[in-house]
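Each remark here refers to the structure printed beneath this line.
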Number of protein chains: 2
Amino acid sequence: MGRRADHSRDELFEMALSAAREIAEEDGLGGLTARRIAAKIGYSAGTLYNLFDDLDDLIVHLNGRTLDSLYEALATAPGDNDPEADLLALAQGYIAFTRANAKLWNLLFEHHRPGERLLPDWHHQKIGRLLGLMDECLVPFFGPGREAERNHTARVLWSSLHGMCLLQTEKKLILDEPIEAMATSLVKYYLAGLRTSTAESAGGKT
Amino acid sequence: MGRRADHSRDELFEMALSAAREIAEEDGLGGLTARRIAAKIGYSAGTLYNLFDDLDDLIVHLNGRTLDSLYEALATAPGDNDPEADLLALAQGYIAFTRANAKLWNLLFEHHRPGERLLPDWHHQKIGRLLGLMDECLVPFFGPGREAERNHTARVLWSSLHGMCLLQTEKKLILDEPIEAMATSLVKYYLAGLRTSTAESAGGKT
DNA sequence: GATTGATTTTGAACAACGGTCAATATATTT
DNA sequence: AAATATATTGACCGTTGTTCAAAATCAATC
């Protein structure tokens, strides 16, 4: 067979990612084979290899799309300048996304590039952008000049929330309690502890 | 070739797990192939299949050993009946283990059984035993009759700690801060928030 | 010691995998 | 119309997990 004019290169790129997404939503990482993706878009496996470096590259791109979806789902939330309320809403939104897109979200962490290869920069930026959402919520909590503490708090909360969602979807730890309640508890009491500490160091013995 | 008398069935079982552990420590999940494990113990691949159901089963057993190691590493810690100090020590011990055994610990979560198969009961029990260590630290914090709150707190802390370690070893989120500090912050302020809330509901307006 | 029966062990075989590439068929330019 | 560039493929390679009949050995019996 030779050249076709059915689809442009960009169209093929999107078609492949779309097919891969549908397969991943059904069967997870295990179902994502080159031949199956290719068959789903009506091309042969070889065609995928002049769109992507290899199958890992395709999956990294698919994961990028998932991160974009997650960002869109969370960035549209209102935010009323109350750190605790905003963080709670963000956490619930994050949990809701991982529930609604369990297989795709799992793929973000189930997939590992062989041989210690690092992820591309744009991938880390997409994650950083998500972390930034949490950071923004904390702006009113920490005044100016306390950016380091704010970033630290965002990272702690983000990592913790991440752990809850992972243990949930991977079913590695039996949690007989909905993670929504756990996340609420985390945000509420961790912030309360921070407030106490801040108040003490400000109003107490300096 | 036929039957040999070199090793008993139990010896072979241990040899296979030991070989698999060494391979996993070097090359992670990707290096764990049936033929490679078999070659390392001087047998053919087929022999592994009358020791284990399949390769997934072998890895689940290997993961069980890793959970045992982790438990031994954490259970030997002293514990001086001060919840915050004990929890901090436990968290640091956990982090130290994941650092020292990064590849093996990763295998616990990198590996997924195909087709929604659940993990065996004994596996969940090994995890529950670890969670129990955290629970025990909290006994003095919550008095009797507050077991539900205690379990809840242990789960929140465990999940959160888990998330930090995962993001660290998987390098999915660039953390420009050692997770030891993040874990310390988590334990310290989350507990402080709990204390405040408890004190308020006890001493304040009922 | 010889014979029988139960167990291990193996190498060959299978289907499916990721990935490569020369051959080919079409699009595009000259 | 001829020449050139590009996209697509099917055959192919090595490797994977897994199965299984054949063969070799151990254990028990006569």
Side-chain angles (χ1 to χ4, degrees), chain A residues 1-21 23-24 26-63 107 110-117, chain B residues 1-21 23-24 26-63 107 110-117:
Chain A
M1 293 289 166
R3 182 173 187 164
R4 281 200 227 162
D6 299 356
H7 306 94
S8 73
R9 187 182 179 87
D10 288 349
E11 282 173 336
L12 277 178
F13 191 90
E14 294 304 321
M15 287 164 63
L17 284 187
S18 195
R21 180 174 41 76
I23 294 170
E26 280 179 26
D27 296 336
L29 180 60
L32 277 179
T33 74
R35 286 168 176 83
R36 186 166 166 193
I37 298 171
K40 196 151 193 168
I41 63 175
Y43 282 77
S44 82
T47 293
L48 293 178
Y49 286 87
N50 47 16
L51 297 171
F52 304 92
D53 294 342
D54 51 31
L55 205 55
D56 292 312
D57 184 42
L58 187 154
I59 296 178
V60 170
H61 275 89
L62 175 56
N63 281 339
L107 191 61
E110 195 171 348
H111 175 252
H112 293 81
R113 314 183 90 192
E116 316 280 349
R117 263 191 302 172
Chain B
M1 293 291 163
R3 183 174 186 165
R4 283 198 226 162
D6 299 357
H7 307 95
S8 74
R9 187 182 179 87
D10 289 348
E11 280 173 337
L12 277 178
F13 191 90
E14 295 304 321
M15 286 164 63
L17 285 186
S18 196
R21 179 172 43 74
I23 294 170
E26 280 179 28
D27 296 336
L29 180 59
L32 277 179
T33 73
R35 287 170 176 84
R36 187 167 166 193
I37 298 171
K40 196 151 193 167
I41 64 175
Y43 283 76
S44 82
T47 293
L48 294 179
Y49 285 85
N50 48 16
L51 298 171
F52 304 92
D53 295 342
D54 51 32
L55 204 56
D56 291 312
D57 184 41
L58 187 154
I59 295 178
V60 169
H61 275 89
L62 175 56
N63 281 338
L107 192 62
E110 197 172 346
H111 176 252
H112 293 81
R113 315 183 89 188
E116 316 279 351
R117 263 192 300 171

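Chain A is the first sequence line, chain B the second, and so forth, proteins listed ahead of strands; every chain is numbered from 1.
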> B:D54 and B:R117: salt bridge (charged side-chain N to carboxylate O under 4.0 Å, His left out), yes or no, with the steps?
Replying inline: CA-CA 13 Å; B:D54 51 32; B:R117 263 192 300 171; 3.7 Å; yes
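Regarding B:D6, its CG atom lies at a distance of 11 Å from the C1' atom of C:dT8, rounded to whole Å. Rounded to an integer number of Å, the gap from A:I59 CD1 to C:dC17 C1' is 13 Å. Whole-Å rounding puts the B:D53 CG to D:dG17 P distance at 16 Å. Atom NE2 in B:H111 sits roughly 11 Å away from atom P in D:dG17 (whole-Å rounding). Between the CG atom of A:D27 and the C1' atom of C:dA16 there is a distance of 15 Å, given to the nearest Å. For B:F52 and D:dG17, the CZ to C1' distance is 15 Å, given to the nearest whole Å. Atom C1' of nucleotide D:dA11 and atom OH of A:Y49 are separated by 15 Å, given to the nearest angstrom. Going from atom CG of A:L48 over to atom P of D:dA7 covers 15 Å, rounded to whole Å.
Counting any heavy atom pair closer than 4.0 Å across all strands shown, A:L51 reaches no nucleic acid atom.
Looking at heavy atoms from C-beta onward, B:D27 lies in side-chain contact with B:R36 at the 4.5 angstrom threshold. Residues A:I59 and A:L29 have side chains in contact (heavy-atom distance under 4.5 Å, counting atoms from C-beta outward). Residues A:L32 and A:L55 have side chains not in contact (no heavy-atom distance under 4.5 Å, counting atoms from C-beta outward).
Of the residues in residues 29-47 of chain A, those lying under 4.0 Å from DNA chain C by heavy-atom distance are A:L32, A:T33, A:A34, A:R35.
Computed from C1' positions of five pairs at each end, the angle between the two local axes of the helix from C:dG1-D:dC30 to C:dT30-D:dA1 equals 10°, rounded to 10 degrees.
Taking CD of A:E26 as the reference point, atom CZ of A:R21 lies at 11.5 Å (rounded to 0.5 Å). Between atom CG of residue A:N50 and atom CZ of residue A:F13 there is a gap of 12.0 Å, rounded to the nearest 0.5 Å. Interatomic distance, A:E11 CD to A:I41 CD1, rounded to the nearest 0.5 Å: 11.5 Å. Atom-to-atom distance recorded for A:D57:CG and A:F52:CZ is 7.0 Å, nearest 0.5 angstrom.
If you check C:dG18, D:dG17, C:dT9 against the side chain of B:N50, the one that comes closest is C:dT9. Set against D:dT18, C:dG19, D:dT8, the side chain of A:L12 has D:dT8 as its closest nucleotide.
If you run side chain to side chain contact (heavy atoms under 4.5 Å, CB included) between A:I37 and each of A:L62, A:L48, A:T47, only A:L48 comes through.
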